[in-house]
Structures are given as C-alpha cells and as structure tokens.
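Notes follow once the structure below has been shown.
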Amino acid sequence: MKNALITGINGQDGSFLSELLLEKGYNVYGILRRKSVVDYGNVEHIKDKIHFIYADMTDVVSLINAMKISQADEVYNLAAQSFVATSWEQPIATAEIDAVGVTNMLEAIRTINPKCKYYQASTSEMFGKVQAIPQDENTPFYPRSPYGVAKLYGHWITKNYRESFGLFTCSGILFNHEGERRGKEFVTRKITDTVARIKLGVADCLELGNLDSKRDWGHSKDYVRAMWLMLQQDEPDDYVVATGVTRTVREFVDIAFKKAGIDIEFSGSGLDEIGKDKATGKVLVKINPKFFRPAEVELLLGTPKKAEEKLGWTREISFDEMVERMVQTDLALVRKEIEYAKL
Ligand code: NAP
Ligand code: G4F
C-alpha cells in the first residue's frame, strides 16, 4: 500500500484526486490550513478516509513535519493561491505560496525522503501571451499575471530539482479544468451558479468581464488521472494536459443557459454588449468593467498529444457533459438553498 500526500486536498482537484487514490488503495494524507472554523471543503464527504495534517506552503517546518508523518511515496502539490484576479491584489502572498512554497515542498522531500515522487501543478497560464497556437511542451512561456509568473518559478524549480538532485519530479501543464466542485469565483462556475439562480427566480442578471476570452476547458476528474499517470512512469517528465478545443466565455454562457432551457441572444459590443432572453426580451447578461483584468490571457489552446501517447491518457467527460453536470448540480444546490431559507 502506497502513501500519498496531497497539498490543497480540500480544493477542486484535491478532492477528485483523493477519490482516485483511495480507489487505488493508497493511504491518503492531506494538508489543511488552520482556519477559525474547521472546514473540509470538497473532501467533507470522504473526510473519515483521509489523514489530515495541518501545514502551510509558506512554512517549510510544517512541510517537513508532513513528510515525516505521512512517509509519503508520492507528493501531489496542488496547493496554491489559484485565482488569477486575486494575484494582482495579493502578489506577495501569491509568490510566497505558488513560487517559494514549491521550493519549501521540494526541500522537505529532499530532507526526509529523496526517493519520493513529486507532482507539480503547473498551468497553461504560464503561456499567457501565447507565442504559438496551439501550445505544447515546447512552446515558450510569457506569463501575464503575478499568478502566472509565480507558477513559472514553481515549474522551473521543479525541473531544476530533477536536474540538480535527481529527484523524481514532474510538472503537469494543465489547461483550465472545471466541474461541480469549482470555486464560484472562476468564470465557469460563476456562470452555472448564476444561470441556476436566474432560472429559479433568485437572481436577475449575470455580470461578466471579457466575453471574448478563449479557454480550453476540460473536467477536473479526467485531469487528476493524468497527474497520477505521470508519477507511475519510469522517468520523470513534463506534460501538457488539455482537450485541444478552445471556446469563448460567450459560448460557455450560451450553452449553460441552454442547459437550463433559456435561449440567449447577444447584441451590442464592448461594454454595451448584452444578452437577452429570446423568449421574454429580458436582459440576463451584462458587462461589468470590474471583472476585466489589468492584463488578459486572450487565448489558450493546448495539445494533449504527448500525454495521450506516452501516458495513455484519455478524456472521458466531454465539454457538453461537463456543462450539463455543472448546471444540473447548481440547480439542485440552489433549490436546496431556497428550501432552507423557508425553514
Ligand atoms: P483550488 O480549488 O483553488 O484549491 C487550492 C488549494 O490550495 C485549496 O485547498 C487551498 O486551501 C490550498 N492552499 C492555498 N494556499 C495554501 C497555503 N498557503 N498552504 C496550504 N494550502 C494552501 O484549486 P484547484 O482548481 O483545485 O487547482 C489545483 C492546483 O492546480 C492549483 O495549484 C492551481 O493553481 C493549479 N491549476 C489549476 C487549474 C484549473 O483549471 N483548475 C489549471 C492549471 C493549474 P484553502 O481551502 O485553505 O484555501
Ligand atoms: O475562470 P477564470 O477566472 O480562469 P483563468 O484566469 O483562466 O485561470 C484558471 O485557469 C488557469 C489555467 O489556465 C489556472 F492556472 C488558474 O488557477 C485558474 O484555475 O477566467 C477565465 C477567463 C478569463 O479570461 C477572464 O478574464 O474568463 C474571463 N472572465 C470574464 N468574465 C471572467 C469573468 N473570469 C472571472 N473569474 N469572472 C468573470 O466575471
């Protein structure tokens, strides 16, 4: 039985990865940050099967302790300040967690068990102002946010510890992946949550920023399988994980409303663009400049060829199924919320 240590266990990916590793018979250890209210987040439903360790990516002593307690054979470093918009408001914290935090984790591994395999959650945000379309493992990086810059440090230090100390370290350059457990500040979940609220009569309008932005969206459950596959190879390497299809935020909005039985018609442009309910003429989508970013990543489109060929990774959840699952889950959650408010 192998031991796995997951940082960021209560986040979106941490929860799907925990389920996968438990299914495979691993002892799963997970790092939680101390909060004023105990909160298991996305692993609440499996909390009895996980060994929790209180630690923080910015505190190397706590990570050394986590390595001692878990006796980990595999570490999956998923912890991050992961919201791009927040990285302009908290650039230092983002760097401490997403950049230096990676070195802290690698040093803890080097100190306690240099044979331990390591997965680093790298990101397509590192491609930023893209230098080639589509992006693959050889595309030059050009990050566009403090988050992207911090993650690029994490990516290179992971490679560097492989080359300097012979550690088994892999980076997964994962494109956007979403799902029913996605934080509600990210655009996809913000859309499906608000669509559900509009459908059930508890919200009037969806306010968004850049509708032209394009993303390559997959489902988190598929992407965590790629993380595990990377650590099962004979040699460590870096892999792009993506779908190979890109869509605008506007297309996501259109499909999400359709899943709730509402047809949207867009008109106007720039800040004046609106989306109306075709049946009633009511404005359901508006632009709010506060959701624009100081520098935007306009287009992401990845090639998963290497992951498919070398890891044998395939995607099981289509884009359409992902949006359907997200909208149906949010409709059910909002219905519950409405019932609860009546008590
Ligand atoms: P998420 O839901 O935001 O989860 C992030 C996790 O990191 C949370 O459990 C959070 O704990 C934890 N964390 C934050 N700061 C920490 C600290 N100082 N010490 C310890 N834990 C800390 O993110 P996700 O979508 O699952 O993504 C997982 C990883 O993949 C992240 O590194 C993200 O940057 C990267 N990534 C994500 C995507 C994507 O599309 N989802 C794509 C590429 C790469 P709290 O609950 O205490 O805040
Ligand atoms: O959903 P987002 O906030 O995700 P973003 O910035 O692409 O970052 C996510 O994916 C990265 C992988 O490429 C991860 F590394 C990162 O941790 C995170 O998971 O925004 C997507 C797009 C952006 O272009 C944004 O400007 O949607 C646009 N957008 C338009 N209106 C909006 C909104 N984004 C948000 N969050 N909220 C809006 O109202």
Side-chain angles (χ1 to χ4, degrees), residues 6-17 30-35 39-43 53-59 62-63 66 76-87 90 93-94 96-98 100-102 104-105 119-128 135 143-145 147-148 150-151 154-155 171-179 181-191 194 206-220 223-224 227 240-242 248-250 252-253 285-300 302:
I6 304 176
T7 74
I9 193 157
N10 56 329
Q12 171 186 252
D13 291 2
S15 69
F16 284 117
L17 181 64
I31 283 178
L32 280 185
R33 288 196 282 184
R34 192 265 159 189
K35 289 181 193 154
D39 177 11
Y40 296 100
N42 285 312
V43 285
I53 303 168
Y54 281 91
D56 194 294
M57 295 309 294
T58 60
D59 183 342
S62 71
L63 298 177
Y76 295 85
N77 182 29
L78 310 184
Q81 189 304 93
S82 70
F83 190 42
V84 172
T86 293
S87 75
Q90 298 176 23
T94 302
E96 283 170 351
I97 301 165
D98 299 9
V100 180
V102 181
N104 288 339
M105 192 68 245
Y119 173 83
Q120 170 60 19
S122 287
T123 165
S124 48
E125 269 290 305
M126 301 187 307
F127 295 123
Q135 298 89 53
R144 292 273 279 172
S145 63
Y147 168 81
K151 280 284 185 177
H155 182 72
S171 271
I173 307 173
L174 270 52
F175 282 63
N176 298 51
H177 44 281
E178 316 293 318
R181 300 176 189 171
R182 186 62 143 151
K184 287 186 188 168
E185 68 275 45
F186 298 95
V187 79
T188 57
R189 186 75 195 287
K190 176 177 171 180
I191 294 167
T194 312
L206 169 63
E207 292 193 356
L208 293 168
N210 183 7
L211 296 184
D212 293 320
S213 178
K214 288 183 160 179
R215 289 292 180 274
D216 177 330
W217 281 298
H219 195 288
S220 169
Y223 285 36
V224 299
M227 298 175 186
V240 158
V241 182
T248 61
V249 171
R250 190 181 294 99
F252 196 105
V253 171
V285 186
K286 278 187 201 159
I287 305 300
N288 185 334
K290 88 172 178 197
F291 298 115
F292 283 93
R293 294 175 178 181
E296 178 63 285
V297 172
E298 302 290 350
L299 169 122
L300 291 174

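As the structure is a computational prediction, the values presented were derived from the model and not from experiment. In each ligand, atom 1 is the first atom listed, and ligand 1 is the first ligand listed.
For ligand 1 and Thr123, the ligand atoms under 4.0 Å from any heavy atom of the residue are 43 (C), 44 (C). Those atoms of ligand 1 that come under 4.0 Å of a heavy atom in Ala121, given as number and element, are 29 (C), 30 (O), 32 (O), 35 (C). Near Asn176, with a cut-off below 4.0 Å to any heavy atom, the atoms of ligand 1 are 40 (O). Near Ser82, with a cut-off below 4.0 Å to any heavy atom, the atoms of ligand 1 are 1 (P), 3 (O), 23 (O), 33 (C), 34 (O).
Checking Val187, Asn176, Val84 against atom 35 (C) of ligand 2, the nearest heavy atom belongs to Val187. The option from Arg33, Gln12, Met57 that lies nearest to atom 45 (P) of ligand 1, judged by heavy atoms, is Arg33. Nearest-heavy-atom check against atom 7 (O) of ligand 1 across Ala80, Gly218, Ser122, Gly179 picks out Ala80. When Gly14, Gly8, Gly101, Ser124 are checked for heavy-atom proximity to atom 12 (C) of ligand 1, Gly8 turns out nearest.
For a threshold of 3.5 Å applied to N or O pairs, the pair formed by Gly209 and ligand 2 contains at least one separation below that value. Inclusion of Asp56 in the set of residues having an N or O under 3.5 Å from an N or O of ligand 1 is warranted. Between Leu78 and ligand 1, a contact under 3.5 Å exists for at least one N or O pair. When only interatomic distances are considered, the shortest N/O to N/O separation between Thr188 and ligand 2 does not fall below 3.5 Å. Here's the thing with Phe175: none of its N/O atoms is less than 3.5 angstrom from an N/O atom of ligand 2.
Ligand 1 lies within reach of Arg182, whose nearest heavy atom is under 4.0 Å from it. The closest approach between any non-hydrogen atom of Phe292 and ligand 2 is not below 4.0 Å. Not close to ligand 1: Glu125, with no non-hydrogen atom less than 4.0 angstrom away. Residue contact check for ligand 1: Asn10 places a non-hydrogen atom closer than 4.0 Å to it. Proximity of Arg182 to ligand 2 is established by a heavy-atom distance of less than 4.0 Å.
Contacts with ligand 1 closer than 4.0 Å are made by side-chain heavy atoms of Ile97 only, the backbone lying farther away. The part of Val249 lying near ligand 2 is the side chain, judged by heavy-atom distances below 4.0 Å. For Ser220, no heavy-atom contact with ligand 1 is shorter than 4.0 Å. Under 4.0 angstrom from ligand 1, the non-hydrogen atoms of Lys35 all belong to its side chain. Heavy atoms of Leu300 found under 4.0 angstrom from ligand 2 belong exclusively to the side chain. Contacts between Ser213 and ligand 2 below 4.0 angstrom, taking non-hydrogen atoms only, involve the side chain exclusively. For Tyr147, every heavy-atom contact with ligand 1 shorter than 4.0 Å involves the side chain, none the backbone.
Between the side chains of Ser122 and Ser171, a donor-acceptor pair is found at a separation under 3.5 Å. Donor-acceptor pairing under 3.5 Å is recorded for the side chains of Gln81 and Thr94.
Of the protein's heavy atoms, Gly11 CA, 3.5 Å lies nearest to atom 4 (O) of ligand 1. Given atom 27 (O) of ligand 1, the protein heavy atom at minimum distance is Asp13 OD2, 3.7 Å. Looking only at protein heavy atoms, the nearest one to atom 43 (C) of ligand 1 is Leu174 O, 3.1 Å. The nearest heavy-atom contact from the protein to atom 20 (O) of ligand 2 is Arg293 NH2, 3.6 Å. Regarding atom 26 (O) of ligand 2, its nearest protein heavy-atom neighbour is Glu296 OE2, 2.6 Å. If you check which protein heavy atom lies closest to atom 39 (O) of ligand 2, you get Lys190 NZ, 2.7 Å. Here the protein heavy atom with the shortest distance to atom 13 (O) of ligand 2 is Ser124 OG, 2.6 Å. In this structure, the protein non-hydrogen atom closest to atom 38 (C) of ligand 1 is His177 CE1, 3.2 Å. If you check which protein heavy atom lies closest to atom 36 (N) of ligand 2, you get Glu185 O, 2.9 Å. For atom 23 (C) of ligand 2, the closest non-hydrogen atom on the protein side is Arg215 NH2, 3.5 Å.
Looking at every heavy atom in both residues, Ser220 comes nearest to Asp13 through OG-OD1, 2.9 Å. Between Asn176 and Tyr223, the shortest heavy-atom contact is O-CE2, 4.3 Å. Considering all non-hydrogen atoms of both residues, Ser62 and Asp56 come closest at OG-N, 3.1 Å.
The shortest side-chain heavy-atom distance between Asp216 and Gln135 does not fall under the 4.5 Å cut-off.
Screening Glu178, Glu296, Glu298 against Arg215 for a salt bridge (Lys or Arg N to Asp or Glu O under 4.0 Å) leaves a single residue, Glu296.
To the nearest 0.5 Å, the span separating OG on Ser145 from NZ on Lys151 amounts to 11.0 Å. To the nearest 0.5 Å, atom CZ of residue Phe291 and atom CD of residue Glu185 are 11.5 Å apart. Summarising the geometry, atom CE belonging to Met105 is positioned 6.5 Å from atom CE belonging to Met57; distances are rounded to the nearest 0.5 Å.
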